[in-house]
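Okay, so here's the structure we're looking at.
Chain letters run A, B, ... following the sequence lines, proteins first and then strands; every chain starts at 1. Only heavy atoms go into these numbers, but all of them, side chains included; no hydrogens, no water, no symmetry mates.
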Amino acid sequence: MKLADKFTLWFLAIILLVTPISMFTTLSNIRYRIDNSEIERLKAVNNEVAEQLKAGIAPDQYSQGRPIAIQKIDGILPKEKVQVQKQKCDSTASVTDECRITVSSYYTINGVNYQVSSYNYVTQSNQILKGMILTAILKTLLIALAVLLTVRVVSKKILSPFNQTLKSIQKFSIKKKQALRLTATNTKEFQELNQFLKKMTDKAVTEYSQVKEFSENASHELQTPLAVLRSKLELLTETDIQQNQASLIADMQNAIEKLSRINHSLLLLTKLENQEFEATTAINFTKQTTELLTIYEDRITIKELKVTQLIEPNITVSINAALADMLFDNLLSNAIRHNVKNGSIFLEINQQGILIKNTGPEPVFPTEELFQRFKKSNQCSNSVGLGLAIVKRICELNNFDIQYIYEQGYHIVSVRFGSPAAATSAQANKVTTEEAGNKIVTLE
Amino acid sequence: MKILVVEDNRELASSIYDYLAGENYICELAFAANEAREKLLFFTYDCIILDLMLPDGNGLELLDFIKAERINGFILIISAKGALDDKIKGLEEGADDYLTKPFHLPELHARLRAIHRRKNLNGNNIVSFNEITLNTNTFELKIHGKELDATRKEFELLLYFLVNKNRVLSRQAIANHLWGDYTDNLSNVDFVYQHVKNLRKKINSAGGDDYIDTIYGLGYKFNTNKGLH
């Protein structure tokens with residue numbers, strides 16, 4: 001619900017609540033005034049009659065248009081010299097009834113006690129109410145209409161700095177390393193909001209670049225000592241060494257190799273997390289994959305693998321070229337590495353996605369877990385265990401849907417290319433597959 | 001060949017110095033950009049090995065300086081930054097090749113020689129040793145003047161051996177040379193072993209000497225003394 005609508009609703013509720021209350025007070029006030037003025041007048045009439053009696057003039061039946069009744073009283077006078085009586089004046093009286101106010105005054109004139117009464121009819125509450133209600137409804141409607149219109153128009157004006165701020169935040173990207181620019185406003189709350197946002201985003205930008213710089217620098221800084229180690233070991237192998245020393249050096253070289261691979265992969269993952277591979281272009285995926293297949297050709301031959309290819313010509317995928325290369329490189333090298341001698345690789349690539357199927361030993365973990373970092377099906381193997389983590393990250397960045405299953409001796413990895421429009425449905429698909437994955441785990 | 005090594009890490013610079021001196025290159029070291037500038041103005045070099053991150057400036061600035069002063073010599077960048085963008089930038093700025101740290105010394109040497117062949121020799125792209133002749137343009141391999149049918153990888157492997165004669169080449173170094181960026185995810189030891197085995201077999205059957213030694217668990221060496229026996 002829009003802020004303006006909320007304000008409107010509240011205003012309307014307040015109006016609806018206040019109007020009856022104000023009507024009630026107005027009504028009772030008017031009632032009181034009318035009654036009181038009539039009572040005062042009747043009192044005055046009574047007093048006049050009493051004056052006439054005193055003067056010995058026989059009073060008329062009517063005085064000033066009000067009927068008068070004069071009575072001699074034998075007993076003592078009541079305590080209150082003036083008594084007021086109201087008949088059919090409350091709301092229970094029907095509309096046709098008339099409200100009658102009778103004022104009785106008591107006098108002692110020339111030693112005789114008199115009761116002088118006069119009465120008059122006044123307008124009934126119900127009738128006043130009837131007249132008021134119409135005005136009240138009209139007034140309420142007018143106010144409501146005014147509120148509706150004003151809130152629409154004024155809120156647009158008042159909230160415009162807020163809306164602009166909102167737009168700026170939506171456009172703000174921490175990756176662009178650009179400070180948030182906000183328009184000036186004279187509303188205190190918006191000033192505070194803008195100040196806070198500015199401070200927060202500035203801090204986020206600096207911290208983001210610091211973290212990014214740190215992780216990249218850390219990886220880069222490691223490269224030089226690694227280069228020193230590697231080169232020194234290479235020089236050491238040139239010296240006169242014994243066989244046992246040679247095997248020690250070989251072990252060290254293997255460790256350095258692995259270290260440098262881990263470092264390289266971690267750096268890559270950091271860059272992926274930082275979304276540094278944003279520039280996506282429509283690339284010819286067929287060309288890219290066939291080129292990569294040629295690079296791996298000799299190794300496929302050496303391992304005596306049978307490769308079946310079903311690659312459609314001119315597949316176009318919108319992805320960063322370097323990422324496309326990494327994605328397919330990781331998938332293909334995994335299929336080669338986790339294969340058996342004389343095994344086979346089945347490769348199907350079309351506009352919808354990649355399906356890569358290869359023979360290989362059964363994985364120790366559920367296949368979904370192999371997407372985690374440093375998770376390897378064979379813990380003592382030479383691999384780093386980051387390949388599939390990288391693959392998964394690349395897929396997530398491009399809204400591709402990836403699945404990995406092991407079935408009847410085959411490792412099957414399928415990647416569905418999602419078009420930007422189908423990205424959301426791909427997301428939904430992913431959730432269902434994850435749920436399915438979870439179910440399998442719980443069954444086990 | 002006279003080489004200037006611009007590298008702020010003294011240990012790495014000395015490693016490069018040792019290796020290249022062993023190949024009979026005249027090698028000089030500069031540990032900072034200013035030092036390098038001075039040396040470049042006073043002496044001439046055939047090759048400049050350039051680190052990009054220097055304590056007193058960026059290697060790319062030095063590259064601009066070399067261009068501005070019209071200093072001769074080819075340039076090989078060695079950098080810890082291995083992203084494609086960095087490589088492209090370095091090459092666009094006028095470097096002849098780009099090598100990512102941590103590199104193998106034989107790889108550095110092979111790259112130097114490759115640039116040298118490309119740039120300096122007038123159409124001479126023949127690398128030969130005794131009965132072995134390699135044409136780096138046509139990828140022809142000849143033993144005793146007779147052409148040998150070798151795969152591209154076998155050719156590259158033999159060239160690598162010939163450039164780094166009498167050096168122990170570790171399996172990792174060979175794998176890295178043969179497959180470059182596409183070595184990371186495979187256990188390359190077996191593949192290297194197969195390639196070396198096939199190459200030896202082919203040279204042997206063509207009547208060539210077996211110069212390639214296996215060095216314990218370390219790797220292989222092209223032993224030039226072997227042919228003499």
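One distance of note links CZ of R171(B) with CD of Q253(A); it measures 10.0 Å at 0.5 Å rounding. One finds the CD1 atom of I295(A) at 12.5 Å from the CG atom of L178(B) (value rounded to the nearest 0.5 Å). Interatomic distance, OG of S170(B) versus CZ of R230(A), reported as 7.5 Å (0.5 Å rounding). The distance from atom CD of Q223(A) to atom CZ of F103(B), rounded to the nearest 0.5 Å, is 11.0 Å. For the atom pair CD (E238(A)) and CD1 (I215(B)), the distance works out to 9.5 Å, reported to the nearest 0.5 Å. Atom CG in L218(B) sits 10.5 Å away from atom CD in E234(A) (nearest 0.5 Å).
Looking only at heavy-atom pairs under 4.5 Å with chain B, the residue among I249(A), L222(A), V228(A) that has the most is V228(A). The greatest number of non-hydrogen atom pairs below 4.5 Å with chain B, out of A322(A), A321(A), A250(A), is found for A250(A). Between chain A and the options H195(B), M53(B), R152(B), E7(B), the largest number of non-hydrogen pairs under 4.5 Å is found for H195(B). Taking S79(B), A80(B), G22(B) one by one and counting their heavy-atom pairs under 4.5 Å with chain A, the maximum is reached by A80(B). Contact count versus chain B (heavy atoms, under 4.5 Å) is highest, among L226(A), L233(A), I302(A), L267(A), for I302(A).
Of the atoms belonging to N166(B), it is backbone heavy atoms, and not side-chain ones, that fall under 4.5 Å from chain A. Of the two parts of Q242(A), only the backbone, made up of N, CA, C and O, holds a non-hydrogen atom closer than 4.5 Å to a non-hydrogen atom of chain B. A13(B) does not touch chain A: none of its heavy atoms, backbone or side chain, sits under 4.5 Å away. Proximity to chain B (any heavy atom under 4.5 Å) is shown, for D251(A), by neither the backbone nor the side chain. Contact annotation for I241(A): both backbone and side-chain heavy atoms come within less than 4.5 Å of a heavy atom of chain B. No part of S247(A) comes within reach of chain B, as not one of its non-hydrogen atoms sits under 4.5 angstrom from that chain. Only the side chain of K153(B) has a heavy atom closer than 4.5 Å to any heavy atom of chain A.
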Discussion item. Run L235(A) and L105(B) through side chain to side chain contact (heavy atoms under 4.5 Å, CB included) and show every step you take.
Written reply: CA-CA 9 Å; L235(A) 290 172; L105(B) 289 172; 3.9 Å; yes

Item to complete: Applying side chain to side chain contact (heavy atoms under 4.5 Å, CB included), run through S231(A) and L12(B) and close with a yes or a no.
Response: CA-CA 7 Å; S231(A) 64; L12(B) 187 61; 3.8 Å; yes

Item to complete: Report the C-alpha distance between Y182(B) and D325(A) in whole Å, list the side-chain angles of each, state the deciding distance to 0.1 Å, and finish with yes or no for side chain to side chain contact (heavy atoms under 4.5 Å, CB included).
Response: CA-CA 10 Å; Y182(B) 303 98; D325(A) 193 62; 2.7 Å; yes

Worksheet item: Given K81(B) and S219(A), is the side chain to side chain donor-acceptor pair (under 3.5 Å) satisfied, shown in steps?
Response: CA-CA 9 Å; K81(B) 288 187 175 169; S219(A) 293; over 6 Å; no

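Shortest non-hydrogen contact noted between T224(A) and K101(B) is OG1-NZ, 3.5 Å.
Atom OH of Y17(B) sits in a sparse spot, with 12 or fewer heavy atoms from other residues, nucleotides or ligands closer than 6.0 Å. More than 12 non-hydrogen atoms from other residues, nucleotides or ligands lie less than 6.0 angstrom from NZ of K165(B). Around NZ of K232(A), the count of heavy atoms belonging to other residues, nucleotides or ligands within 6.0 Å exceeds 12. Counting non-hydrogen atoms of neighbouring residues, nucleotides and ligands closer than 6.0 angstrom, the OH atom of Y193(B) reaches no more than 12 such neighbours. Residue K89(B) places its NZ atom among 12 or fewer non-hydrogen atoms of other residues, nucleotides or ligands, all under 6.0 Å distant. Within 6.0 Å of CG on N342(A) lie more than 12 heavy atoms contributed by other residues, nucleotides or ligands. Environment of OH in Y410(A): sparse, with no more than 12 heavy atoms of neighbouring residues, nucleotides or ligands closer than 6.0 Å.
For the residue pair Q172(B) / N254(A), a side-chain donor-acceptor distance below 3.5 Å is found, with atom types taken as modelled.
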